There are 2 protein chains.
Amino acid sequence: MISFDDFIPNDTSPIYLQIILHIKRGIAAGNVVDGDEVPSRRSLSALLGVNPNTVQKSYHILEEEGIIFSSPGAKSCVTIDQQKIALIRAQLLGDQAKEMIHAMKQMRISKEEALATLSSLWEDIPS
Amino acid sequence: MISFDDFIPNDTSPIYLQIILHIKRGIAAGNVVDGDEVPSRRSLSALLGVNPNTVQKSYHILEEEGIIFSSPGAKSCVTIDQQKIALIRAQLLGDQAKEMIHAMKQMRISKEEALATLSSLWEDIPS
DNA sequence: AAAACTGTATTACTTGTGTGACACACCTTC
DNA sequence: GAAGGTGTGTCACACAAGTAATACAGTTTT
């Protein structure tokens, strides 16, 4: 079962997108494997302090992407193979790096300073 | 005058927040100095393909933060000193790095792989 | 069968964005 | 100096997206 303990909500992007991203990152991390259950709409919404419908929206999109499977009354679970996992991981990693680089360049921060900052802060962020 | 040529809209967070971030990054970069004019609501909205009111919302918030100054009929301009600039720069740099590290750790990506990815993609992203 | 869980659909409210109108400042022209 | 045009910021209202509240229907467990 995927964990949401390290879910840190962010007030800039919609919550349903953050939930989707969190699950995809969990998959990329290998924390979630094919057939794994996903938290129920209600339990996750209670944990995150949001409405069940917001979680439903996330799950619905993930279902359309073929990442989770739902059927009325039953628990939803992940349906994904190794190829998809590698693809998602590469995608998320690349996107995140590109966004970071873009932000740094907009601030005219050198490659060296960016790498140094990242390196020095690495241990401070909890896993 | 601050440039929006390298503004890359992103469909995850509200546009007005992205505009604020872009201007703050321009300030952090040193591209914008005290007294510099800021694009008019209409010209910027036309350039970005959004509504003048969306830009207005960004400028209004920046004015509340004491970063720009507006008065009816006159062009709006930036009001900021070196201390504020250093503060904004440190803030944005730290936030961006922390967000990157958090994302990487969620994907169980090692410090080495993260730095290597960033380093190898650096030259590919246009300034 | 009843209870406690599950996913789903309908509806309303809040926030973000779009459309339009207004008022003030500057600059040209008469 | 007065009149008009074009720039500027500001505001009120309408529409769309994100989120919340509630009710409904199926599955599992007891």
Side-chain angles (χ1 to χ4, degrees), chain A residues 1-4 7-24 32 34-80, chain B residues 1-4 7-24 32 34-80:
Chain A
M1 172 81 76
I2 185 172
S3 163
F4 274 80
F7 181 85
I8 300 177
N10 144 338
D11 56 351
T12 64
S13 68
I15 303 176
Y16 79 97
L17 288 180
Q18 297 183 48
I19 295 174
I20 292 175
L21 204 59
H22 186 87
I23 292 178
K24 285 187 178 179
V32 187
D34 188 85
D36 258 5
E37 286 178 15
V38 80
S40 77
R41 275 78 167 162
R42 289 179 228 280
S43 64
L44 182 54
S45 69
L47 179 65
L48 302 184
V50 300
N51 195 273
N53 242 331
T54 302
V55 178
Q56 159 64 12
K57 184 165 189 173
S58 306
Y59 283 13
H60 181 67
I61 293 176
L62 285 171
E63 189 170 9
E64 282 182 333
E65 294 185 15
I67 294 180
I68 74 174
F69 173 78
S70 301
S71 96
K75 296 176 182 173
S76 301
C77 54
V78 176
T79 64
I80 195 158
Chain B
M1 171 83 77
I2 186 172
S3 163
F4 274 80
F7 181 84
I8 300 177
N10 150 338
D11 57 349
T12 64
S13 68
I15 304 176
Y16 79 98
L17 287 180
Q18 297 182 49
I19 294 174
I20 292 175
L21 204 58
H22 185 87
I23 292 178
K24 285 188 177 177
V32 187
D34 188 85
D36 259 3
E37 287 178 15
V38 80
S40 76
R41 274 78 167 163
R42 294 184 227 284
S43 64
L44 182 53
S45 68
L47 178 65
L48 302 184
V50 301
N51 197 275
N53 236 338
T54 303
V55 179
Q56 159 65 9
K57 185 165 189 175
S58 306
Y59 283 11
H60 180 67
I61 293 176
L62 285 171
E63 189 170 9
E64 283 182 333
E65 295 185 14
I67 294 180
I68 75 173
F69 173 77
S70 302
S71 101
K75 296 177 183 174
S76 301
C77 55
V78 176
T79 63
I80 195 159

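Here the structure is a predicted model, which means the values were calculated and not measured. Proteins get letters first, then strands, A, B, ... in listed order; numbering begins at 1 in each.
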Handout entry: Nearest-Å distance for atom pair CD/P, residues A:Q56 and D:dA23
Key = 18 Å

Practice task
Using only side-chain N and O atoms of B:T54, determine if any of them is under 4.0 Å from OP1 or OP2 of C:dG16.
Solution key: no

Problem - Heavy-atom neighbours of A:F4 CZ exceed 12 at 6.0 Å - result: yes

Handout entry: Closest to side chain of B:Y16, choosing from C:dG16, D:dA23, C:dG18
Key = C:dG16

Completion exercise
Among D:dG18, C:dG7, D:dT10, the one nearest any side-chain atom of A:S40 is C:dG7

Handout entry: Pair of N/O donor and acceptor under 3.5 Å linking C:dT8 base with A:N53 side chain
Key = no

Problem - Along DNA chain C (nearest heavy atom to each residue), the more 5'-positioned of B:G49 and A:S76 - result: A:S76

Handout entry: Upstream residue (5' side of DNA chain D) when A:P72 and B:E63 are each assigned their closest nucleotide
Key = B:E63

Problem - d(CG, B:D11; C1', D:dG18) in whole Å - result: 14 Å

Handout entry: Flag side-chain contact, heavy atom, 4.5 Å: A:V32 against A:I23
Key = no

Problem - Nearest-Å distance for atom pair CD1/C1', residues A:I15 and C:dT14 - result: 12 Å

Exercise for the section: Return the nearest nucleotide to the side chain of B:S70; candidates are C:dG16, C:dG7, D:dG9. Expected result: D:dG9

Handout entry: Nearest listed nucleotide, side chain of A:K57, among C:dG16, D:dG9, D:dT19
Key = D:dT19

Handout entry: Atom-to-atom span, NZ of A:K75 to P of D:dT28 - whole angstrom
Key = 10 Å

Fill in the blank from the handout: Between NE2 of A:H60 and P of C:dT10 the distance, given in whole Å, is 13 Å

Practice task
Grab the CD1-C1' distance between A:I19 and D:dT19 for me, whole Å please.
Solution key: 11 Å

Exercise for the section: To the nearest Å, give me how far apart CZ (A:F69) and P (C:dG7) are. Expected result: 12 Å

Problem - Comparing B:P52 and A:S71 on DNA chain D - which has the more 5′ nearest nucleotide - result: B:P52

Exercise for the section: Verify, without hydrogens or angle tests, whether B:H22 (side chain) and B:S3 (backbone) share a donor-acceptor contact under 3.5 angstrom. Expected result: yes

Exercise for the section: Check whether the side chain of B:R41 and the base of D:dG7 form a donor-acceptor pair under 3.5 Å. Expected result: no

Fill in the blank from the handout: CD1 of B:I68 to NE2 of B:H60, rounded to nearest 0.5 Å, is 10.5 Å

Handout entry: Length of the CD1-P vector between B:I20 and C:dG16, whole Å
Key = 10 Å

Handout entry: Main-chain N/O of B:R41 paired to B:Q56 side chain as donor or acceptor, under 3.5 Å
Key = no

